[in-house]
Every structure is written in structure tokens, then in C-alpha cells.
Amino acid sequence: MLSKSFNPAEVEPALYAGWEAVGAFGADAAAARPFTIMIPPPNVTGSLHMGHALTMTLQDVLIRWRRMQGRDALWQPGTDHAGIATQMVVERLLARTSNQTRQEIGREAFLERVWQWKASSGGAITEQLRRLGASLDWARERFTMDEGLSDAVREVFVTLHREGLIYRDRRLVNWDPKFQSAISDLEVEAREVRGSLWHVRYPIEGTDEFITVATTRPETMLGDTAVAVHPDDERYRRLVGRHAILPLTGRRIPVVADSYSDPEKGTGAVKITPAHDFNDFAVGQRHGLPMPSVLDREGRVTLADLDLPPTADFVRSLAGQDRVEARKAIVAELERLGLLDRIEPHTHQVPHGDRSGVPIEPLLTTQWYCNAAELARPAIAAVEAGDTAFVPRQWENTFFAWMRDIQPWCISRQLWWGHRIPAWYGPDGHVFVERTEAEAQAAARAHYGRDEPLERDPDVLDTWFSSALWPFSTLGWPQDTPELARYYPGDVLVTGHDIIFFWVARMMMMGLHFRKRVPFRTVYIHGLVRDERGQKMSKSKGNVIDPLDLIDTYGTDALRFTVCALTGPGRDIKLGAAGVEGNRRFVTKLWNAARFCEMNGIVPAPDFDPAAARSPLCRWLLDAANRMVTEADAALEAFRFDDYAAAAYRFTWHSFCDWFLEFAKPVLGTAGPDAAELRATAAHVLGVILRVLHPAMPFVTEHLWDEMGYGAPCSLIRAPWPQPGPVADPGAVREELDWVVRLIGAVRGVRSEMQIAPAVLTPILLRDATPETTGRAARWAESIHRMARASSVEPLDGPLPPGSAQIVVDEATVVLPLAGVIDLGAERARLFKERAKALAEAEKVLRKLGNAEFVAKARPEVVEENRSRLAAFQDDAARIEAAISRIAS
RNA sequence: GGGCGGUUAGCUCAGCGGUAGAGCAUCGUGUUGACAUCGCGAGGGUCACAGGUUCAAUCCCUGUACCGCCCA
């Protein structure tokens with residue numbers, strides 16, 4: 001017996017364990033065609049947030065659906081080592097527990113601590129994915145720092161290096177002073193900052209003139225090596241080619257003409273500091289300028305690159321000062337020297353580290369780079385050719401725009417936690433890139449002719465470097481495994497648009513380079529989760545919703561179904577507790593419907609053949625179920641999770657519960673062949689509902705399936721996905737039942753409008769009804785009585801009983817004798833309104849048909865349709881007119 | 001500055017050449033037999049604005065306004 005209400009908290013863990021116990025999540029290379037989704041590996045430090053809940057639900061829906069279709073479904077689980085994030089977590093822990101820094105305990109000990117942390121706390125996210133019902137093939141779980149995946153990383157690095165696609169270069173990088181590491185362009189985000197524009201006068205050599213430069217960064221002026229003006233700027237033309245004397249250091253720097261300088265901005269003259277600004281770096285390259293660094297890796301002033309005159313005491317005093325302090329000191333000194341023209345308030349975009357949140361310092365360093373432009377070419381071609389398709393399509397433009405202008409990818413990080421770069425340096429700095437230290441030593445021996453001590457590069461790789469290999473490294477590459485042959489390329493990648501550049505693009509590049517085939521055929525891009533008001537969720541705003549709270553309160557199925565219902569193409573998802581609460585009602589509805597079935601002896605009848613169903617009600621329901629399955633299937637094929645959810649919802653609640661079960665009620669509990677067929681049909685269709693809803697609501701459906709005896713415990717997850725099947729003459733039963741539904745609806749409408757108490761039963765009289773209609777009325781008399789609160793249903797030939805309400809349904813006029821119950825004036829007013837509506841519609845169609853051009857040019861079937869609509873409206877109006885005249889007296 | 005998306009019922013959104021829809025909210029009404037986490041019913045929209053194409057535009061095109069996002 002099903003309990004009175006569904007208790008998710010009780011049922012969910014047991015079902016999940018049950019699925020795992022029967023091996024339901026495991027991919028199974030029997031004969032079936034594979035269907036593969038690679039999980040976007042969550043950070044090992046992560047905990048489940050709404051973004052995960054969204055993306056993982058969608059993936060699980062696809063996986064469960066395909067699995068039920070009989071595909072060999074592999075949903076590959078795993079986590080990402082998340083270099084910076086994890087290192088920070090463990091560093092904080094170290095500080096808290098033993099008040100030590102990682103530098104104090106040293107690299108080796110620190111890494112040991114990270115691994116310890118991972119072993120004890122790293123599994124939280126995977127436990128939470130289980131609560132979400134995610135049917136991942138846990139036996140295959142991988143971690144980006146696993147031995148196998150690390151092998152893949154080394155293999156890729158070494159290979160790309162040999163191909164010249166990975167190389168070292170000294171150029172400007174985005175330096176994160178907080179993490180003391182280089183980061184890639186993608187990890188930098190522009191933030192608007194209110195600052196100042198300082199106008200500083202630089203004396204022109206040999207004159208008493210000045211050139212005034214406007215700058216947002218006075219502290220870097222020690223490293224200026226030019227002043228740039230626009231070549232067309234008349235104001236400065238005569239100064240081009242002359243020299244300015246850089247204040248404070250006294251260095252002689254040229255005034256150069258470069259179109260980088262914008263005459264509209266500031267004074268039109270800009271100071272050029274090639275070692276501390278990306279644009280200035282480009283100017284410096286164009287003009288062959290020196291590039292002294294004046295800030296070190298911690299953002300402090302360094303004077304090592306400067307050739308200072310003995311008098312520059314002020315500048316010397318800056319050595320070692322933080323960039324913020326140095327700015328203050330320099331501005332004060334310029335002020336003192338009378339070289340500060342003015343200070344203008346100025347709002348501008350300042351690059352910040354996306355994780356550290358501190359301003360990025362462009363710094364001239366040597367780093368490892370990957371030639372992304374070269375790798376991007378085949379990836380662009382593959383998307384152009386349709387080998388990989390984005391859904392929705394528009395994201396291809398975003399992908400193309402990024403890939404066609406892709407910059408060298410800085411892949412080295414000055415961190416400890418990550419894949420150590422497989423490069424070793426000889427005493428003379430010669431680099432050996434090899435898979436192992438032994439191979440590096442062998443290479444060194446060959447190079448030097450003797451053994452030499454080697455030093456390994458201390459840096460690690462960008463976390464995204466290993467993520468880029470995920471679609472094949474998880475399958476055993478570089479080994480040539482059967483899994484690799486079977487599950488690569490994957491079918492669908494599901495992710496948010498914020499990850500296209502970081503991950504999708506890089507998987508495309510690496511997949512094509514190393515496997516010669518795209519890593520996935522479809523990239524489904526969903527929106528981002530926001531709060532009910534459309535605000536981005538953030539801790540500082542305090543509007544973060546914890547999916548685990550929602551699961552605790554409403555159950556996993558309600559949350560998952562809500563996610564599906566809200567996921568249309570190209571839209572962000574605005575999710576609040578109210579929506580989840582609403583969908584919990586649907587879970588409850590399904591529960592109660594099943595309970596009702598159970599009470600009425602509805603048990604699965606495996607021998608039931610829908611094609612042989614005879615009763616019109618059964619055929620009507622089976623036909624509607626067919627259409628629902630077709631809709632749901634098409635929606636999932638098209639990644640329309642919202643349409644899928646809506647089709648299942650509508651059918652379950654309205655077709656099955658509101659109409660079918662209501663029609664069936666009196667017969668269900670009885671004996672006899674009609675009742676038996678009804679019960680078998682109900683059981684069959686409930687089974688269809690459970691199967692169609694299972695991907696979205698796995699727990700309640702599986703529980704009902706098991707409890708009601710549809711299959712062995714935990715068998716719904718692998719039950720076959722329903723297929724539409726033949727139903728005898730569906731058109732006829734649809735017409736018949738639709739009429740009954742229309743009639744009951746019309747009567748209910750009028751009764752409600754006329755405020756007839758439900759306890760009042762009235763006869764239903766049909767005037768001008770065809771024999772077909774009276775036949776239907778007779779056949780469905782019992783249902784009509786019950787559902788339209790009628791005492792009888794019969795034709796009316798004679799005069800109208802006094803005090804009747806009249807409703808036009810098709811060709812017939814439905815008469816409700818309500819003498820003494822209704823207000824005839826109100827009924828007359830209602831009929832006038834009805835008539836006006838019909839006439840207005842008729843008028844609209846008439847005008848259209850009166851347009852000769854419409855009749856001549858519109859498609860004939862459209863014209864025909866309008867002609868019959870006109871006739872229908874006119875007939876309705878005439879029948880309402882007749883109804884009015886019948887009560888006129 | 002460049003690009004993308006949005007603007008439809010009070011709210012969240014679907015529809016995308018010829019009848020404007022759903023859920024929630026609102027209002028009315030109803031209850032001992034699946035379900036008040038419910039049933040039944042009702043009201044509510046010149047589909048942002050201006051032009052254009054078309055026999056016909058919420059839908060296609062152009063422009064404007066506002067909102068959001070991405071890139072510089």
C-alpha cells in the first residue's frame with residue numbers, strides 16, 4: 001500500500017543505493033549503440049550550487065532517457081584538481097591549523113597535505129551529485145591529477161612541444177600579485193574603477209616647453225621609455241622626433257608618433273611604459289624601445305633595470321615600496337616639483353584576477369605558451385562543417401569570434417598544486433622537455449656528451465590544460481583502450497556559455513589535434529541560474545539559493561522537474577523556491593493518482609494490448625498518450641526540456657487525472673470485461689507516464705514503479721522508453737470524447753457564471769441536436785450527469801421551459817431549465833455578450849473575405865478555412881439570436 | 001567602440017506569417033472516499049515604439065528606446 005503522502009527524504013537515498021546495487025548506472029558495451037556525456041568535472045573543492053543542479057539535471061535527463069531507449073549510456077564522472085582554488089583552500093587550512101605558510105613547510109610537504117585534504121574532504125561534491133539523483137557511472141570516476149590523466153597531460157605537452165606548438169617566450173603576461181602567478185587572458189576580468197587621470201608635465205629637452213601626458217598609472221612612469229602622440233595630431237606634430245626628459249629619473253625619452261594615442265583622450269599624449277602595459281608593449285615593439293621593469297612580482301618598485309643618475313635619491317627611496325604607496329609618493333613628488341598639471345576624476349576599466357579579485361599587473365616574464373591560433377584552425381573548420389553543432393546555434397558566432405582572434409595561451413602557473421611541467425634545465429639553461437626525468441637525463445647526456453645535473457621547471461600547468469583533454473584522457477588515452485574506441489567522440493556536451501572559451505574551445509582544439517575527431521557532436525549551451533528577480537546569485541548579495549535546501553524541503557524530483565520546465569533555449573533560468581514548491585504539487589498529484597489507481601485494483605497487466613482496446617474511453621486515452629510520448633520525445637531530441645516537461649505535465653494532470661480518471665471512476669471499482677479493460681488501460685498508461693517522467697523525476701517514478709509491481713525493484717531506470725502504438729480508429733473517439741468534454745465545460749461555465757450551487761442538479765436539454773449528438777449524449781449520460789451536475793440529458797423538441805439558460809455547443813443549443821434559480825435578466829445580458837462576441841468575430845472574418853486581394857492571393861486552404869469560420873460564427877450568432885428570442889417574452 | 005540576446009496577461013515565460021497561450025498570482029465557488037500540496041469556473045493583453053515588405057505582421061526586414069550579457 002502506498003502511504004498517504006510521498007516522503008522524498010525517506011525514499012531517495014534507498015532508491016539511489018538500489019540503483020547502484022543493481023549496476024544501473026554502468027555503461028555496458030553489450031550490443032547497444034553508445035551514448036556518451038562527459039561530465040564537466042566540478043572542482044574537487046566545490047560544493048553543489050544551483051549552476052551544478054541545472055547542468056547536472058539536464059545531463060541526467062538526457063542520459064536516463066537514452067539509457068531507457070536502449071543506448072549504452074555512459075555518463076563519465078570525475079572531478080577537477082582546480083589548481084588555484086584547491087591550493088588556496090589548503091593554504092588557509094594550514095594557516096588555521098598550524099599557523100604555517102606553504103613556503104614554510106616546503107613544496108613536497110605541502111603537496112602531501114593537499115592530497116590528504118583531497119582524500120578526506122574532496123568527495124563532498126560527488127556525494128551531493130548523488131543526492132541530485134545523477135546516474136553517473138561511478139566505477140569510472142576520474143580525477144584530473146590521477147596517474148592516467150597525468151600521463152595524458154605529459155604526453156600532450158611533450159608532443160606539442162616537439163611540434164613547436166608549445167614554447168617558452170618572454171613577453172608581457174597578466175600577473176596576479178596575490179597568487180604570484182601568471183594567469184591567462186581568460187582569467188582576467190575588467191572591473192570598472194573610479195580613479196583619477198593625472199596630467200603630468202614632461203619637460204622637452206633643450207627648451208622650456210613641456211608635453212603634458214595624462215595617465216591612470218603614475219607609479220609606472222619610472223619605466224617610461226617614450227611619449228606617444230597621434231601622427232595626425234597637429235598640436236604635437238613639431239615635437240615628434242624630439243626628446244622629453246622623464247621627471248624623477250631624468251631619462252631622455254623620445255616623442256614618437258603612433259596611432260595608438262587617441263587625440264580625444266586626456267591630453268592626446270600618452271606615456272609609454274612597455275614593461276607594464278599591453279598597449280604600451282606593442283608601441284614599444286613597433287618603435288624598438290627599451291622595456292625596463294619597475295615593478296616586481298609582488299607589485300613592489302624595483303630599480304634593477306634602471307640606470308639612475310647619482311642625484312635620483314627620491315627614486316632610490318621608492319625601491320621595495322608597494323605599488324599603491326609608490327603611487328602616492330610619486331604624485332606628491334611631482335606636485336612638489338610643480339610637474340603635476342591637474343588631477344581629473346576618471347572612471348575606467350581595470351583588469352582584475354577573476355579568482356584573486358586584485359588588480360592585475362602586466363609583467364615581463366618568461367612563460368610557457370601554447371600556439372592556440374594553430375590549434376584553433378581545425379576546430380573552427382569542424383564547427384563550420386557541422387561536425388560539432390552548438391545548440392542554440394547562435395553560440396557558434398561567439399565561438400568563432402573568439403577562435404578567429406585567439407591569442408597565445410599562457411599555460412604555466414607559478415603554483416605548486418597542479419601538473420608539474422615536464423621540462424628540465426641544464427646548467428647552461430638548455431631545456432629538455434621529456435615525459436620523465438630519466439628521459440630528460442638521457443636527452444641531456446646526448447646533448448652535453450656527459451651527465452649533467454638537471455633542474456626541473458618549478459611551474460605547473462593551467463588547470464584548464466588537463467580539462468582540455470578530459471574527453472579522451474578519462475577513457476585511458478594515451479593507451480589505446482577499447483573505451484577510447486567506443487566512447488570517443490562523445491555525443492553531447494552540456495555546459496553554460498561562460499565556459500565556451502575556457503573549456504569547450506580547448507577540448508575542441510586538443511580533441512582534434514590528438515584524436516583527429518571532434519570530442520562531441522553537439523554542444524548544448526544552457527543559460528545561467530539567477531534568482532527570481534533575474535539577479536545573478538552571489539554571496540555578497542545574499543540571494544544564493546542552496547539546491548540542497550530545496551531538495552530537503554521539496555524533494556529532488558520537484559527541483560529537477562522545475563529545472564526542466566524552466567529550461568528553454570537561450571534563456572537564463574530564474575529560479576526561486578516558489579517555482580519548486582509549485583512543481584512539488586505535481587509530484588503529489590502523480591502520487592495521489594497512483595494511489596487512486598492502487599485503491600481501484602489497477603495493477604500492471606503485461607498481456608494488455610493497447611491495439612485491441614475496444615472502449616472509446618480507453619482508445620481516447622491511449623491515443624492521447626501516444627501523442628504525449630511523441631511530443632516528449634521530439635522535445636528531448638531538440639533539447640527542449642521545457643516542452644518535454646510541459647507535455648508530460650499536461651497529459652498527466654489534465655488528460656489522465658482530470659478527464660480519464662473522472663470518466664472512469666464509476667466503472668473502475670466494478671467487475672466485468674469493461675472494467676477490466678479500463679483498469680488495464682489505466683495501468684498501461686500510468687506505466688507510460690512513469691517512464692516518460694522518469695528522466696525528470698527519477699525517484700517518485702521509480703518508487704511507484706517498484707511499489708505497484710511494474711517491475712523488479714529499481715528496474716524503471718532501465719525500462720524501455722515508451723513508443724506510440726496503434727489504437728483502433730482514434731479519430732472517431734477523439735471527436736466523440738472531445739464533444740463530451742466541450743459539453744461538460746460549457747455547462748460548468750454557465751453554471752459558475754450564473755452562480756448555480758453545485759448541489760443544484762438540472763436537466764440538460766439539447767435543442768436542434770443532430771441524431772449523432774443525441775446519440776453521444778445518451779452514450780455518455782452517466783458521465784455528463786456526474787461531471788456537469790445534471791439530472792438528465794435528453795433532446796428538447798417542444799417549447800423552452802421557463803427560466804432556462806441556453807448555451808450553443810456546435811449545432812445544438814444546450815438548455816438548462818433553471819426556473820427560480822437564475823436571474824433571467826442576467827441570462828439575457830450574458831446571451832447579448834455572447835452574441836456580440838460571435839458577431840465581432842464574424843465581422844472580422846467577413847472583412848477579410850471582402851478583400852478581393854485576399855481571396856485572390858491567399859492560399860486556397862486559408863480562404864476556405866476563413867469561409868467555414870465565418871459560417872460557424874454566423875451560425876453561432878444565429879443560434880444565440882434564437883435563444884434570445886425564446887426568452888424575450 | 002564592436003557583437004549577441006531580450007522587450008507578449010500582475011509575475012515568470014511559450015508561441016514566431018492567417019483563431020494570442022501556459023504556470024503562478026488574483027477573484028468567485030465548492031469538501032467526509034485519490035488529491036485543499038485539491039476540484040470547478042472567471043477576469044486580465046492595441047504582443048516596447050516608428051517605418052517597411054506582404055492579400056495578411058506579435059511573428060519577416062530597417063530604425064529608435066530601454067534592459068541584460070560578452071568582447072575591446
Side-chain angles (χ1 to χ4, degrees), chain A residues 2 4-6 185-186 188-190 262 264 278-279 349 351 392 394-402 405 496-498 500-501 527-528 530 532-536 554-555 558 562 565-576 578-579 581-600 602 640 642-643 645-647 649-650 653-654 657-658 661-662 665 668-669 744-759 787-789 841 844-845 847-859 861-866 868-869 872-873:
Chain A
L2 295 171
K4 174 121 172 83
S5 60
F6 175 59
D185 297 345
L186 277 177
V188 176
E189 62 183 30
D262 180 355
E264 305 291 316
F278 285 94
N279 289 310
Q349 304 283 324
Q394 84 224 20
W395 291 110
E396 287 176 10
N397 294 328
T398 304
F399 175 84
F400 286 140
W402 170 257
D405 186 36
H497 53 76
D498 51 338
I500 294 177
F501 304 148
L528 307 181
R530 298 168 175 282
E532 301 107 308
R533 299 206 313 279
Q535 302 274 329
K536 213 167 174 170
Y554 304 111
T562 305
L566 292 177
T567 302
R571 264 198 189 268
D572 284 345
I573 284 101
K574 290 180 200 162
L575 190 135
E581 189 177 353
N583 285 122
R584 183 185 53 177
R585 285 206 284 268
F586 180 48
V587 176
T588 306
K589 186 74 179 177
L590 176 65
W591 179 264
N592 283 315
R595 215 157 61 89
F596 176 74
C597 288
E598 189 188 48
M599 285 172 192
N600 283 278
I602 290 167
R640 288 301 304 261
D642 52 345
D643 288 347
Y649 180 99
R650 255 196 323 265
W653 202 307
H654 299 120
C657 294
D658 290 349
L661 288 182
E662 289 303 326
K665 263 178 185 173
L668 274 183
I744 293 171
V747 174
R748 282 170 170 175
V750 168
R751 288 182 59 108
S752 174
E753 207 172 330
M754 293 282 121
Q755 311 253 30
I756 314 295
M787 296 164 73
R789 314 292 299 159
E841 289 299 320
K844 259 178 17 195
V845 184
R847 248 203 320 271
K848 187 176 259 186
L849 286 165
N851 181 348
E853 286 204 277
F854 168 71
V855 179
K857 292 187 182 169
R859 289 200 316 276
E861 60 271 27
V862 172
V863 177
E864 198 36 57
E865 194 189 320
N866 277 279
S868 52
R869 285 189 67 215
F873 286 128

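The sequence lines fix the lettering, A, B, ..., with proteins before strands; numbering per chain opens at 1.
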Classify the nucleic acid contact of A/Arg571 as base, sugar-phosphate or nothing, counting any heavy atom under 4.0 Å across all strands shown.
sugar-phosphate
Closest to the side chain of A/Cys657, out of B/A34, B/C40, B/U29, is B/A34
Side chain of A/Lys574 - closest among B/G30, B/U37, B/C13
B/C13
Salt-bridge present (A/Arg595, A/Glu598; N to O < 4.0 Å):
no
Name the closest nucleotide to the A/Lys665 side chain, picking from B/G15, B/C55, B/A34.
B/A34
In whole Å, measure the gap between the P atoms of B/U46 and B/C11 for me.
13 Å
From CE of A/Met787 over to C1' of B/G30, roughly how many Å is that when rounded to an integer?
16 Å
Extract from the structure each pairing of a protein N or O with an N or O of nucleotides 18-22 of chain B at less than 3.5 Å, listing the distance.
residue, atom, partner, partner atom, Å
B/U19, OP1, A/Lys848, NZ, 3.3

If you take atom types as modelled and just measure distance, does the side chain of A/Lys4 reach the base of B/A34 with a donor-acceptor pair under 3.5 Å?
no
I want to confirm an ordering. Mapping A/Asn279 and A/Glu853 to their closest nucleotides on RNA chain B, which one lands closer to the 5' end?
A/Glu853
What's the shortest heavy-atom distance between A/Val188 and A/Pro351, and which atoms?
CG1-CB, 3.5 Å
Would you say A/Asn600's side chain and A/Ile602's backbone share a donor-acceptor pair under 3.5 angstrom?
no
In RNA chain B, stems of three or more consecutive pairs, Watson-Crick or G-U, each with both distances under 3.5 Å, turn out to be B:1-7 with B:65-71, B:10-13 with B:21-24, B:26-30 with B:38-42, B:48-52 with B:60-64
What is the distance, to the nearest angstrom, from the CG atom on A/Asp642 to the C1' atom on B/C24?
16 Å
Proximal nucleotide (of B/G39, B/C40, B/A34) relative to the A/Arg748 side chain
B/C40
Rounding to a whole Å, what distance do you find between A/Ile500:CD1 and B/C4:P?
15 Å
Write down the distance separating the P atoms in B/C49 and B/G45, rounded off to the nearest Å.
15 Å
Please confirm whether the backbone N or O of A/Leu528 pairs with a side-chain atom of A/Asp572, one donor and one acceptor, at under 3.5 Å?
yes
Using the rule given for side chain to side chain contact (heavy atoms under 4.5 Å, CB included), can you reason through A/Thr562 versus A/Tyr554, listing the C-alpha separation, both sets of side-chain angles and the distance that settles it, and then say yes or no?
CA-CA 11 Å; A/Thr562 305; A/Tyr554 304 111; over 6 Å; no
Distance between P atoms of B/C60 and B/U8 (Å, rounded):
15 Å
Span that lies between the C1' atom of B/G6 and that of B/C47, in whole angstrom
14 Å
Whole Å only: how far is the CG atom of A/Asp572 from the P atom of B/C69?
9 Å
B/G68 versus B/G23 - spacing of their C1' atoms, nearest Å:
24 Å
Taking the same atom, C1', in B/U12 and in B/G18, what whole-Å distance lies between them?
29 Å
For A/Leu661 against A/Cys597, the heavy-atom pair lying closest together:
CD2-SG, 4.5 Å
With A/Lys665 as the cation and A/Phe596 as the aromatic partner, state whether NZ or CZ is under 6.0 Å from the six-membered ring centre and within 45° of the axis.
yes
Contact summary for A/Glu841 and A/Arg869, nearest pair of heavy atoms:
OE1-NH2, 3.8 Å
Look at all strands and tell whether A/Gln755 reaches a base, only sugar-phosphate, or nothing, counting heavy atoms closer than 4.0 Å.
sugar-phosphate
If you check every side-chain atom of A/Lys589, which of B/C71, B/G15, B/A34 has the closest atom?
B/A34
Which part of the nucleic acid does A/Asn851 contact within heavy-atom distance under 4.0 Å: base, sugar-phosphate only, or nothing?
sugar-phosphate
Does OP1 or OP2 of B/G3 have a side-chain N or O of A/Trp395 closer than 4.0 Å?
no
Gap between atoms CG and C1', on A/Asp643 and B/C13 respectively (whole Å)
12 Å
With the side chain counted from C-beta on, respond yes when A/Phe873 and A/Val845 share a heavy-atom pair under 4.5 Å apart, and no when they do not.
yes
Any side-chain N or O of A/Arg640 less than 4.0 Å from the OP1 or OP2 oxygen of B/C13?
no
Between A/Pro569 and A/Asp642, which heavy-atom pair has the shortest distance, and what is it?
CD-OD2, 4.4 Å
Could you check how far CD of A/Glu662 sits from P of B/G41, rounded to whole Å?
11 Å
Expressed in whole Å, how much space separates the P atoms belonging to B/A20 and B/G44?
15 Å
Heavy-atom pair of closest approach, residues A/Phe854 and A/Lys848:
CD2-O, 3.3 Å
Pick base, sugar-phosphate or nothing for A/Arg789, based on heavy-atom distances below 4.0 Å to the nucleic acid.
nothing
To the nearest Å, how far apart are A/Asp658 CG and B/G23 P?
11 Å
Could you check whether any side-chain N or O of A/Arg751 sits under 3.5 Å from a backbone N or O of A/Arg789, counting only pairs where one atom can act as donor and the other as acceptor?
yes
Let me know, please, whether A/Ala190 or A/Gln394 comes out on the 5' side of the other along RNA chain B by nearest nucleotide.
A/Gln394
Please report the distance, rounded to the nearest Å, between CG in A/Asn583 and P in B/C13.
15 Å
Work out how far the C1' atom of B/A22 is from that of B/A14, and round it to whole angstrom.
7 Å
